[in-house]
Structures are given as C-alpha cells and as structure tokens.
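First the structure, in the form of structure tokens, and then the observations on it.
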Amino acid sequence: MEEKKNISRRRFLGTTSCAAVGYTTLFSSLLNLKAFEAAAADNSALLPNDEYRALICLMLGGGNDSYNMLIPTGDAYSDYAVTRSNLAIPLGDLLTISPINTPGTDYGIHPSMPELQQLFNDEKVSFIANVGSMIEPTTRDQYYSGLHPLPLGLYSHADQAQQWQTGRPDERSATGWGGRMSDMIQSMNTNENISMNISLSGTNIFQRGQDTVEFAISNQGSLGIAGYGDTWVANQIRSQAIDNMLDQSYADIYKSTYVNTIKD
C-alpha cells in the first residue's frame, strides 16, 4: 500500500511558489500559475482517488481600520495617540499580547476582540502587518520619485481588492488567479457537472477564468433568474420565453457569451 503523506499548508505554498509573495511581489509570484498544475499532479499520486481536496479562500471585502485593531502599547503609543487623535483607543482598554518577533515594540488588540486575543495566545493566529500589492520592490525614495512602477490606484480600496483577486497590480484584469488556475487544472475535475469554483458569497473576479465559470451561492440560494422553473403560471410562461431565447444561436459575441454563461 502506498504511504499517504500529509501535505502541510507551508509545503503547499512553498511548492506552488506563493510563499514568495512575502519576499518578492504579488505580481511575480502569481504569474507562474503552472506551478499549481505541477504540484497538483505531483500530490494527486499521494492521495487515494476518492479523497476530495479544496482550496478555501476568505475575502473580507469590507474596510478594516487596522490601526485600531493592532495597536502599539510601548513607547510608540504616544505617536499613535497623536496621529489618531479622538479615534485613539485608551491604552488601558487594550487587550495585551506578547509577540516574540517584533523590534522591541509591544502591542495590544482592540478591546472588542477578546476572541482574537485568545487565538493569538493559543498560537492559532498571527498578524502580518504592512502588506500590500507591489509590481516590484519599492523604496521610500523610489516611491516619491514618481518614476518607479507602482500598482494602479495605489490608495483605492476597490483597486487593491481587485488586485489581490487578479494577481495583476499593473492592470485591471477581468480574470482572477483562482479562475486562471482552474482553467489549467480543470482536466482533473472528475465531475464536469460541478464547477471547479464554488462561491458561498456571490460572484467575484477571483474565481473567474477564461473558460471557468464559478457556481455562486448566496444566503438566498444559488444565483440565477428569479422565478425560473417555478410552478406559478406566470413564471412558467417567463421560463418558456427564457428557454426560447437560450435555444437561439447568436452571431453577436456578447449575446452568445451571455447565453453560454447562463446555461453553465
């Protein structure tokens, strides 16, 4: 019997070159998506055929005031308090943590996050601060020179959110790295009736590829055409009209693409 090997998160990221994100750039690391295909093919031989594996991604799309989530409590607190002014959290209210790899600075967590404090103390969560997309390493002087390549819309929340999903900070792409990855390894999908990408929170750029269409689910169920297939007489008439439109062949590329997407 072939030995089953445990694939750790660290090994997976290292094998697929995404571990380099922290050391080089988001752009250069995610371009080499062929590494995913090689890693998947290599690791698939280690697992029985009936074992299912999934990459689960959580995208926190809302804004986060990170400077009031993780706060310096040592000498740097005075600078924080002056900068934040009336938004500053009182020092005595902060939930203390004791990181071991900070340059002589202690930190605290917002008082409304005791669960996060406990997870940190249990070594089940870590903070990675000052993270953002880059085209290439950039110094302070290069940034202010105005000549160095920088991501589009550097201070735009919408652009930054899109770049983390597309892996392309120098352009506004219509496909995400999750979708492009699925395009390359979709031959490994043993059930073609189920999309390679399934979203639990609506449609998104991250899962959209050239050939891959994500199956999106919301808290109201799967996303589609409201009332389609319903037994109510009026909806039956509407459903038949939609079927008639979907059965047509369209020369217009946009109409044809829409029909294929709805069918998928």
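Atoms considered below: every heavy atom in the structure, side chains included; atoms not considered: hydrogens, waters and symmetry mates.
- For the residue pair Ile135 and Pro169, the shortest heavy atom distance occurs at CG1-CG, 4.0 Å.
- When the side-chain hydrogen bond (donor to acceptor under 3.5 Å, both in side chains) test is applied to Gln118, the partners found at least two apart in sequence or on another chain are Asp122.
- Atom OG1 of Thr175 sits about 9.0 Å away from atom CD1 of Ile205, to the nearest 0.5 Å.
- Here the closest heavy-atom approach between residue Tyr250 and residue Met245 is recorded as OH-O, 2.8 Å.
- Under the ring-ring contact (aromatic ring centres under 6.0 Å, His included) criterion, Tyr80 pairs with Tyr77, sequence neighbours left out.
- Under the side-chain contact (heavy atoms from CB on, under 4.5 Å) criterion, Ser145 pairs with Leu147, His148, not counting sequence neighbours.
- Scored by the side-chain hydrogen bond (donor to acceptor under 3.5 Å, both in side chains) test, Gln240 finds Asn244 as partners (sequence neighbours excluded).
- In this structure, Leu150 belongs to a hydrophobic cluster whose other members, linked by side-chain heavy atoms under 4.5 Å apart, are Tyr143, Tyr144, Leu154, Tyr155.
- No donor-acceptor pair closer than 3.5 Å links the side chain of Gln210 to the backbone N or O of Arg180.
- Residues Lys255 and Val259 form no side-chain contact, since every pair of their non-hydrogen atoms from C-beta on lies 4.5 Å or further apart.
- Grouped with Val125 in one hydrophobic cluster are Met69, Leu70, Leu95, Ile97, Tyr107, Ile109, Met113, Leu116, Leu119, Phe120, Phe127, the linkage being side-chain heavy-atom contacts under 4.5 Å among Ile, Leu, Val, Met, Phe, Trp and Tyr residues.
- Between Met196 atom CE and Met184 atom CE the span is 10.5 Å, to the nearest 0.5 Å.
- The backbone N or O of Ile89 lies less than 3.5 Å from no partner atom in the side chain of Asn68, so there is not a single donor-acceptor pair.
- Ile237 belongs to a hydrophobic cluster with Val233, counting contacts under 4.5 Å between side-chain heavy atoms of Ile, Leu, Val, Met, Phe, Trp and Tyr, direct or through other members.
- Defined by atom type and a distance below 3.5 Å, a donor-acceptor pair is missing between the side-chain atoms of Glu214 and Ser199.
- One finds the CD atom of Gln162 at 14.0 Å from the CZ atom of Phe206 (value rounded to the nearest 0.5 Å).
- Between the side chain of Asn197 and the backbone N or O of Gln207, at least one donor-acceptor pair lies under 3.5 Å.
- Here the shortest heavy-atom pairing between Thr105 and Pro72 reads CG2-CB, 4.0 Å.
- Residue pairs meeting the salt bridge (Lys or Arg N to Asp or Glu O under 4.0 Å) criterion with at least one partner in residues 140-165, sequence neighbours excluded, are Asp159-Arg172.
- Side chain of Trp164 to backbone of Gly132: no donor-acceptor contact under 3.5 angstrom is found.
- Considering only heavy atoms from C-beta on, Gln160 comes within 4.5 Å of Ser133 through its side chain.
- Every residue meeting the side-chain hydrogen bond (donor to acceptor under 3.5 Å, both in side chains) condition with Thr139, not counting sequence neighbours, appears here in chain and number order: Gln142.
- Every side-chain hydrogen bond (donor to acceptor under 3.5 Å, both in side chains) that Ser112 has, sequence neighbours left out, goes to His110.
- The list of salt bridge (Lys or Arg N to Asp or Glu O under 4.0 Å) pairs with a residue in residues 83-108, not counting sequence neighbours, reads Asp65-Arg84.
- Cluster note: Ile253 groups with Tyr254 through ILVMFWY side-chain heavy atoms spaced under 4.5 Å, whether in direct contact or through intervening members.
- To the nearest 0.5 Å, atom CG of residue Leu94 and atom CD1 of residue Ile71 are 4.5 Å apart.
- Interatomic distance, CD of Gln165 versus OG of Ser173, reported as 11.0 Å (0.5 Å rounding).
- Here the CD-CG distance, from Gln163 to Asp170, works out to 8.5 Å after rounding to the nearest 0.5 Å.
- A distance-only check finds a donor-acceptor pair linking the side chain of Thr138 to the backbone of Glu136 [under 3.5 Å].
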